[in-house]
Amino acid sequence: MPSLHPLPSASVPGVLIAPSLLAADFTRLGEEVRLIEAGGADILHVDVMDGHFVPNLTLGPPLVESLRRISSLPFDVHLMLTNPERFVEPFARAGADHITVHVESAAPLPGVLDAIRAAGCTAGLSVKPGTPASAVLPYLDKVELVLVMTVEPGFGGQSFMADMLPKIRELRAAITASGRAVHLEVDGGVGPANAASVVSAGANMLVAGTSVFRSPAGASAAIRQLRGG
Ligand code: DX5
Ligand code: ZN
């Protein structure tokens, strides 16, 4: 069954803002999601960690299922798991619209990408900071999104790695050359100080945890600022 809240098309120009749930106040998750939705967020980014692929644990399908009932945002589920293939169906059933897996995981490629699409979601492939852009190029025709990590995955609130900008440029060039509409998402330490450079390097989708949910100016102002307004 196709997802009910698909990601916006990658062929439409503009910057999409995907607040990361990880930085929300977990005592009032529903309100936090409503707040960013009303504040102009385009997508909800959901970080899933297994304590193995990364040294942290977060959340599972039941939480996605609960939030699905109160939000119509596209849910962008970022699986930081050694075996993400086991969780494609549970997250799709819970209400994920898009699922990204890591090229460094043990998942069979490209099989897991086909499984994500068969489950009704769009598919993404992510690279950790130490992994070159070339690792995802063989799979560009199998994905709707490429995710460049600009921190080591595992924790929110880390500093943006500016030395990832050339990788973003390289992937944007490869996407353009492919002729396909593929989102280029950047995740980790993104905030008002670096958003413009990330976008000018070629990203069209910004994940932002700390800089949105913990902004002193409020989520709505933070989202506007990230978008460049
Ligand atoms: C890190 C996660 C990110 C992170 C973003 O492993 O994938 O989504 O939580 O949070 P900030 O924006 O605080 O770096
Ligand atoms: Zn993430």
Side-chain angles (χ1 to χ4, degrees), residues 7 15-26 29 32-33 36 39 41-60 63-64 67 73-82 84 87 91 96-105 116 121-131 136 143 145-165 167-168 183-199 203-217 219 221-223 225-227:
L7 295 182
V15 180
L16 298 167
I17 308 298
S20 164
L21 192 64
L22 205 56
D25 177 350
F26 275 34
L29 270 188
E32 292 274 79
V33 171
I36 56 139
D42 300 290
I43 293 157
L44 181 69
H45 184 83
V46 181
D47 288 306
V48 182
M49 305 185 188
D50 66 355
H52 187 263
F53 185 74
V54 290
N56 197 7
L57 284 169
T58 54
L59 52 92
L63 192 131
V64 169
L67 292 177
L73 287 173
F75 283 3
D76 159 28
V77 176
H78 177 193
L79 297 181
M80 286 161 274
L81 312 176
T82 301
F87 290 94
F91 276 106
D97 302 287
H98 171 88
I99 298 179
T100 294
V101 298
H102 269 265
V103 72
E104 307 87 354
S105 76
I116 293 170
C121 297
T122 48
L125 204 49
S126 180
V127 279
K128 297 205 285 186
T131 304
V136 301
V143 295
L145 180 152
V146 173
L147 168 54
V148 176
M149 293 300 306
T150 44
V151 297
E152 283 301 334
F155 298 93
Q158 304 181 74
S159 300
F160 175 78
M161 298 167 70
D163 53 346
M164 294 296 113
L165 289 170
K167 194 196 286 190
I168 299 168
H183 290 288
L184 185 51
E185 182 177 41
V186 171
D187 183 5
V190 174
N194 51 44
S197 63
V198 172
V199 170
N204 74 310
M205 195 184 285
L206 305 180
V207 176
T210 308
S211 69
V212 167
F213 282 106
R214 306 198 186 172
S215 163
I223 290 167
Q225 202 179 1
L226 285 172
R227 219 190 283 284

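Residues take their numbers from the sequence shown, with the count starting at 1. For ligands, and for the atoms within them, numbers begin at 1 and follow the listed sequence. Excluded from the calculations below are hydrogen atoms, water molecules and symmetry mates; all remaining heavy atoms, backbone and side chain alike, are included. Treat the numbers as computed from the prediction; the structure is a model and nothing was measured.
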field: Sub-4.0 Å atoms of ligand 1 with respect to non-hydrogen atoms of H45
entry: 8 (O)
message: For L184, is there any backbone N or O sitting under 3.5 Å from a side-chain donor or acceptor partner on N204?
response: yes
- prompt: Can you tell which part of P153 has a heavy atom less than 4.0 Å from ligand 1: side chain, backbone, both or neither?
  reply: both
message: Using a plain distance cutoff, I'd like to know if G157 has any nitrogen or oxygen under 3.5 Å from a nitrogen or oxygen of ligand 1.
response: yes
field: Whether T58 side chain and M49 backbone form a donor-acceptor pair below 3.5 Å
entry: yes
- request: Could you tell me whether a side-chain N or O of D25 sits under 3.5 Å from a main-chain N or O of E32, the two making a donor and an acceptor?
  value: no
- request: Verify, without hydrogens or angle tests, whether E104 (side chain) and T131 (backbone) share a donor-acceptor contact under 3.5 angstrom.
  value: no
side-chain contact (heavy atoms from CB on, under 4.5 Å) between V212 and I223, worked out: CA-CA 6 Å; V212 167; I223 290 167; 4.1 Å; yes
field: Which atom of H78 approaches the Zn ion (ligand 2) most closely (N/O/S)
entry: ND1
- prompt: Which of the atoms in ligand 1, numbered in the order shown and given with their element, are less than 4.0 Å from a heavy-atom of D47?
  reply: 2 (C), 3 (C), 4 (C), 7 (O), 8 (O), 9 (O)
task: Measure from the Zn ion (ligand 2) to every N/O/S atom of D187 and report the name of the nearest one.
output: OD2
message: For atom 5 (C) of ligand 1, what's the nearest protein heavy-atom neighbour? Residue, atom name and distance, please.
response: D187 OD1, 3.5 Å
- request: Answer with yes or no whether A23 contacts ligand 1, where contact means a heavy atom under 4.0 Å from a ligand atom.
  value: no
query: Of all the non-hydrogen atoms in the protein, which one sits nearest to atom 6 (O) of ligand 1, and at what distance?
result: G154 N, 2.8 Å
- prompt: Less than 3.5 Å between some nitrogen or oxygen of V207 and one of ligand 1, yes or no?
  reply: no
- request: Name whichever N, O or S atom of D47 ends up nearest to the Zn ion (ligand 2).
  value: OD1
- request: Starting from the C-alpha separation in whole Å, work towards a yes-or-no answer on side-chain contact (heavy atoms from CB on, under 4.5 Å) for L145 and T122.
  value: CA-CA 8 Å; L145 180 152; T122 48; over 6 Å; no
- prompt: Short N/O distance, under 3.5 Å, between E152 and ligand 1?
  reply: no
query: Which word best sums up how the rings of H102 and H78 line up, parallel for under 30°, tilted for 30 to 60°, or perpendicular for over 60°?
result: parallel
message: Closer than 4.0 Å to some heavy atom of M149 - which atoms of ligand 1 meet that?
response: 7 (O)
query: Looking only at protein heavy atoms, which one is nearest to atom 10 (O) of ligand 1, and how far off is it?
result: G156 CA, 3.7 Å
field: Heavy-atom gap M80 to ligand 1 smaller than 4.0 Å
entry: yes
query: Does G189, backbone or side chain, put an N or O under 3.5 Å from an N or O of ligand 1?
result: yes
statement: ligand 1 to M49, heavy atom cutoff 4.0 Å, flagged ligand atoms 6 (O)
message: Contact between ligand 1 and S211 is defined here as a heavy atom of the residue under 4.0 Å from a ligand atom; is it met?
response: no
query: Are any of the N/O atoms in G188 less than 3.5 Å from those in ligand 1?
result: no
- prompt: CZ of F53 to CG of L81: how many Å apart, nearest 0.5 Å?
  reply: 8.5 Å
field: Shortest protein heavy-atom distance from atom 9 (O) of ligand 1, along with the residue and atom involved
entry: L22 CD2, 3.1 Å
field: Which of the ligand 1 atoms, numbered from 1, are nearer than 4.0 Å to a heavy atom of A208
entry: 12 (O)
- request: Measure from the side-chain N and O atoms of K167 to the backbone N and O of T150, and report whether any donor-acceptor pair falls under 3.5 Å.
  value: no
Under 4.0 Å to a heavy atom of H78 - the qualifying atoms of ligand 1, by number: 7 (O)
query: What residue and heavy atom of the protein are closest to atom 12 (O) of ligand 1, and at what distance?
result: G209 N, 2.8 Å
- request: Using a 4.5 Å cut-off on heavy atoms from C-beta on, say whether the side chain of F91 contacts that of V48.
  value: yes
query: F155 near ligand 1, heavy-atom distance under 4.0 Å?
result: yes
- prompt: Any donor-acceptor pair under 3.5 Å linking the side chain of N194 with the backbone of G189?
  reply: yes
task: Check whether any side-chain N or O of D42 sits under 3.5 Å from a backbone N or O of I17 as a donor-acceptor pair, and report yes or no.
output: yes
query: Are side-chain heavy atoms of V46 and L59 found at a separation under 4.5 Å?
result: yes
task: Could you tell me which atoms of ligand 1, counted from 1 in the order shown, lie closer than 4.0 angstrom to a heavy atom of S20?
output: 8 (O), 9 (O)
task: Taking the side chain as every heavy atom from C-beta outward, state whether E185 and D76 have any pair of such atoms under 4.5 Å apart.
output: yes
query: Can you tell me the protein heavy atom closest to atom 13 (O) of ligand 1 and the distance?
result: T210 OG1, 2.5 Å
task: Please lay out, stage by stage, how F87 and D50 fare under the test side-chain contact (heavy atoms from CB on, under 4.5 Å).
output: CA-CA 11 Å; F87 290 94; D50 66 355; over 6 Å; no
